[in-house]
Amino acid sequence: MLNAIRQTLGRAPLLIPALAALGGIVIAQQQGDILPAWTISALWGASICATLAALFLPTWWKRVAMGFAAFCAAFALHADRVHNNGTAPEQPQWVSIEGTILSSRTIGLSHHGVLITDRARFPSVPGKILIISRDTPLDIGVKIRVTGNLQLPNRSRNPGEFDHQKYLRSQGLRAEIEAIQLKILSPTPPPSWSDKMAAALPNLILQQPSDESRASIVKAVLLGDKSGLSQSQKNAFRKAGVAHLFAVSGLHIGLLGSIIIVLCRFFRIPLRTAFALSIPVMFLYALSVGSPPSAERATLMAAIATLALLLDREPSFANLISLAALIILVGDSFLLFQPSFQFSFAALTGLVVAGSWLYNLNERFVLADPFIPRSLLTNSQRRTEKFRKIILASVCATFGAGLFTAPLTIAYFNIVTPVSILSNLLLWPITWLILVTGFTTLSLNLIGATMIAKFTTAVSLSLAGFAGSVAQFNANLPGGHFYPISSPPGDLQFVIYDIEDGHHPTLIRTADNVTTLLGTGNSWTFQGIIARHLEATGIREIQSLVLAHESINESGAAYSTELLPPVHTLYHPASNIRGADTPAANKSIIRSGDTISLHTKQTSDLQILHPQPEFWSSRQDDRQAIIRCRNGNHSILFLESASFLAQSAIRDTWLDDDLRSDILVLSWPEYDSPVTSELLTRIKPKWVILRRPPPQVTEETIRKVIATIERSGAFLLQTEEHGAITIDSYPEKITLTGFLSGQTFAIEAKREL
């Protein structure tokens with residue numbers, strides 16, 4: 001074992017400096033305090049001294065010295081980028097700053113961009129910040145003056161939610177500003193040649209596509225552009241374990257380089273010249289698709305390997321991947337914390353290291369006959385052996401790459417895809433053909449052969465449609481994918497999401513993952529928050545979906561078959577006229593006195609307190625369903641957007657004992673106060689969970705409601721302060737847990753029986 005390690009390190013002297021540099025960047029990212037300038041200078045000095053000392057040291061000490069030099073240099077470089085580039089404000093600050101737009105994209109109805117601030121005039125502002133403009137588009141290279149609140153980016157406030165603050169920090173963005181006033185100070189610069197290429201490529205690889213769904217797959221495979229893919233397409237490829245096909249990587253770069261070399265040889269250009277010409281073409285392609293980490297890695301490794309061959313040197317994989325990582329991280333050390341960077345390098349390492357080991361271990365099983373000389377094999381035996389080797393190589397490569405990326409897949413997506421081996425065997429050849437036809441279409445369009453390009457486009461679209469069907473079929477295979485998550489503790493678990501704009505969804509989950517969902521929020525809310533949590537907890541179907549509100553803003557996701565997992569039964573108030581159009585296996589109208597089973601061993605159900613039979617009001621809030629959940633001896637009352645009129649209806653109809661609940665969950669109607677002292681006296685809650693108020697609720701109303709709750713003696717929890725609130729209901733106690741970017745608190749109490 002020791003000899004193997006020594007041989008590996010002997011062939012890969014860059015491996016130790018690369019690993020040391022990664023450690024330096026990780027530690028610098030976690031460093032909380034701003035480092036003084038003399039510390040950064042001392043680290044650079046130590047790195048230089050260690051590098052000079054390595055020139056005179058023996059082999060092993062030389063590698064140790066180079067590792068120390070790389071660690072110090074990486075730590076100093078990244079610490080300077082993170083901590084000595086302005087500070088993020090703890091509280092929002094009204095500022096007016098100037099800077100230049102570095103990057104720009106449009107999300108929904110708003111424009112997002114990275115602003116490089118004028119550090120000479122605004123030294124206390126972070127060097128790079130995220131700017132959000134509701135009206136004015138942000139063109140790259142334009143100098144602007146922006147006025148607004150500079151603040152920390154939003155943290156994740158719900159389990160499974162995308163952590164926006166953590167993501168921006170991994171890109172070196174420590175603050176964001178929403179533009180209240182924005183003034184353009186310079187004209188829009190002409191687009192660069194790479195921007196022109198990026199804009200022209202989609203039309204060059206697809207000649208007037210007729211099917212947008214198939215065209216989106218072609219664009220994703222050839223350009224890494226996943227913006228056109230529907231959510232169902234993304235889910236199918238991810239659950240089939242082949243989402244990596246949409247990353248511009250070694251397959252793209254290698255195929256493009258091979259095409260250039262073949263074309264050069266067709267025109268009788270010398271082989272060494274053909275290798276040299278392939279390098280700038282590969283870099284041009286990587287720049288045109290936006291230089292994602294996988295494309296940068298593949299292009300750098302291909303270029304370094306090509307240069308090594310031109311210099312008559314045998315390239316080492318460990319040296320290639322180490323040098324590529326070092327070059328990329330010197331340019332942008334924040335990429336180390338990007339999933340795309342981690343997946344790219346982990347997949348390639350697993351493919352080469354584990355895949356090669358597995359292939360060498362099993363190669364003897366696919367040989368035609370190891371005891372017969374190769375010269376005596378028939379042509380049929382050679383073809384059969386070659387086909388077996390290709391299959392074995394594909395299986396070993398897929399297994400090796402999947403083995404090394406499995407920890408990342410579980411950490412980021414909580415999914416394991418055993419079906420990926422089959423999916424890769426079927427889809428890798430199809431992907432290769434899509435790349436061939438796509439690059440062929442590109443070449444034909446460049447030389448003006450547009451009629452033939454239409455034919456190759458049709459071939460690409462047909463292949464893409466077949467690839468989508470294969471991915472969808474494999475994604476639905478039993479056992480093809482699963483979510484490695486443990487069952488929730490306790491008998492029942494309630495997750496009360498922290499949703500802005502007054503939406504009111506709540507997930508009720510049993511220990512067996514039988515789920516009931518109270519509301520869905522709008523489509524954007526469901527897709528960005530609730531769907532992520534359902535997937536992270538391995539929930540594939542919803543037993544009961546209860547729509548308490550008829551507003552499309554409150555339950556918009558319930559009307560989309562693409563967003564929702566399968567729903568067994570839909571419940572909605574009689575006034576919810578849209579409920580009949582909601583996709584579900586069964587539909588049922590709920591009225592006062594009805595109960596909905598939660599499918600637990602304990603006595604637990606949802607009791608409908610409102611609306612009363614034949615109740616009608618012209619206002620939606622008056623028709624809001626009011627629900628109480630009973631689990632054994634515990635009860636939770638969901639008094640959502642119900643207005644004063646709806647509250648009066650249940651207060652006057654039910655006896656005092658019937659309204660008593662351990663926990664009261666409140667939301668904010670548009671006009672009325674959500675709770676009165678009289679109603680709190682009848683409910684007698686021990687805890688009150690108050691959801692985030694929508695923008696139209698005034699500060700005066702908020703203060704009045706909080707004061708009313710505190711006077712009742714109940715313990716108040718606000719999702720606006722604590723994030724999502726999780727309630728675990730046990731037979732003998734109740735536990736409340738708050739979530740805010742993974743930082744939790746817990747309140748536990750036993751009920752006196």
Side-chain angles (χ1 to χ4, degrees), residues 1-29 43-44 46-78 249-250 253-254 275 279 282-283 286 291 293-338 341-357 400-401 404:
M1 185 69 174
L2 183 60
N3 290 333
I5 295 176
R6 289 176 178 174
Q7 291 175 2
T8 302
L9 294 178
R11 292 194 301 267
L14 290 178
L15 186 59
I16 290 180
L19 294 176
L22 297 183
I25 294 174
V26 170
I27 295 176
Q29 180 77 2
L43 288 169
W44 281 114
S47 176
I48 295 173
C49 292
T51 303
L52 295 175
L55 301 175
F56 308 100
L57 293 173
T59 303
W60 271 102
W61 286 107
K62 183 191 298 290
R63 291 169 186 163
V64 172
M66 290 303 299
F68 179 75
F71 176 86
C72 293
F75 187 96
L77 177 67
H78 194 69
S249 58
I253 301 300
F275 272 109
I279 296 177
M282 290 186 292
F283 274 104
S291 300
S294 57
E296 289 186 11
R297 184 265 305 158
T299 306
L300 284 172
M301 293 184 66
I304 296 169
T306 302
L307 289 174
L309 293 174
L310 292 176
L311 297 173
D312 298 323
R313 300 292 298 273
E314 182 181 356
S316 164
F317 168 73
N319 277 339
L320 287 176
I321 196 169
S322 299
L323 185 58
L326 289 172
I327 293 175
I328 292 174
L329 293 177
V330 166
D332 186 0
S333 53
F334 288 104
L335 285 175
L336 178 60
F337 308 99
Q338 296 295 314
F341 179 92
Q342 298 169 10
F343 273 98
S344 175
F345 281 85
L348 182 63
T349 303
L351 186 148
V352 173
V353 177
S356 299
W357 178 76
F404 275 57

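Excluded from the calculations below are hydrogen atoms, water molecules and symmetry mates; all remaining heavy atoms, backbone and side chain alike, are included. Sequential numbering from 1 along the given sequence is applied to the chain's residues. Quantities reported herein were computed from a predicted structural model and do not represent experimental measurements.
Contact detail for Phe337 and Gln29: the closest heavy-atom pair is CZ-CB, 3.3 Å. What you find for Ala21 and Ala74 is that their closest heavy atoms are O-CB, 3.4 Å.
The distance from the OG1 atom of Thr299 to the CD1 atom of Ile327 is 11.5 Å, given to the nearest 0.5 Å. Interatomic distance, Leu351 CG to Ser356 OG, rounded to the nearest 0.5 Å: 7.0 Å. Note that CH2 of Trp61 and CE of Met66 are 15.5 Å apart. Values are rounded to the nearest 0.5 Å. Here CG of Leu326 is found 12.0 Å from OG of Ser333. Values are rounded to the nearest 0.5 Å. Atom-to-atom distance recorded for Thr51:OG1 and Phe68:CZ is 10.0 Å, nearest 0.5 angstrom. With rounding to the nearest 0.5 angstrom, the CZ atom of Phe341 is 4.0 Å from the CG atom of Leu329.
Side-chain contact check for Met301 versus Phe317: some heavy-atom pair is nearer than 4.5 Å. Side-chain atoms of Leu77 and Trp44, non-hydrogen and from C-beta on, do get closer than 4.5 Å to each other. Side-chain contact between Leu19 and Phe71 is absent, with no heavy atoms from C-beta onward closer than 4.5 Å.
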**Message:** As a quick check of understanding, evaluate side-chain contact (heavy atoms from CB on, under 4.5 Å) for Leu22 and Phe345, giving each step before the final call.
**Reply:** CA-CA 13 Å; Leu22 297 183; Phe345 281 85; over 6 Å; no
**Asked** For Thr349 and Val353, what are the C-alpha separation, side-chain angles and deciding distance, and is it a side-chain contact (heavy atoms from CB on, under 4.5 Å)?
**Response** CA-CA 6 Å; Thr349 303; Val353 177; 4.0 Å; yes
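For Thr306 (side chain) and Ala302 (main-chain N/O), a donor-acceptor pair under 3.5 Å exists by modelled atom type.
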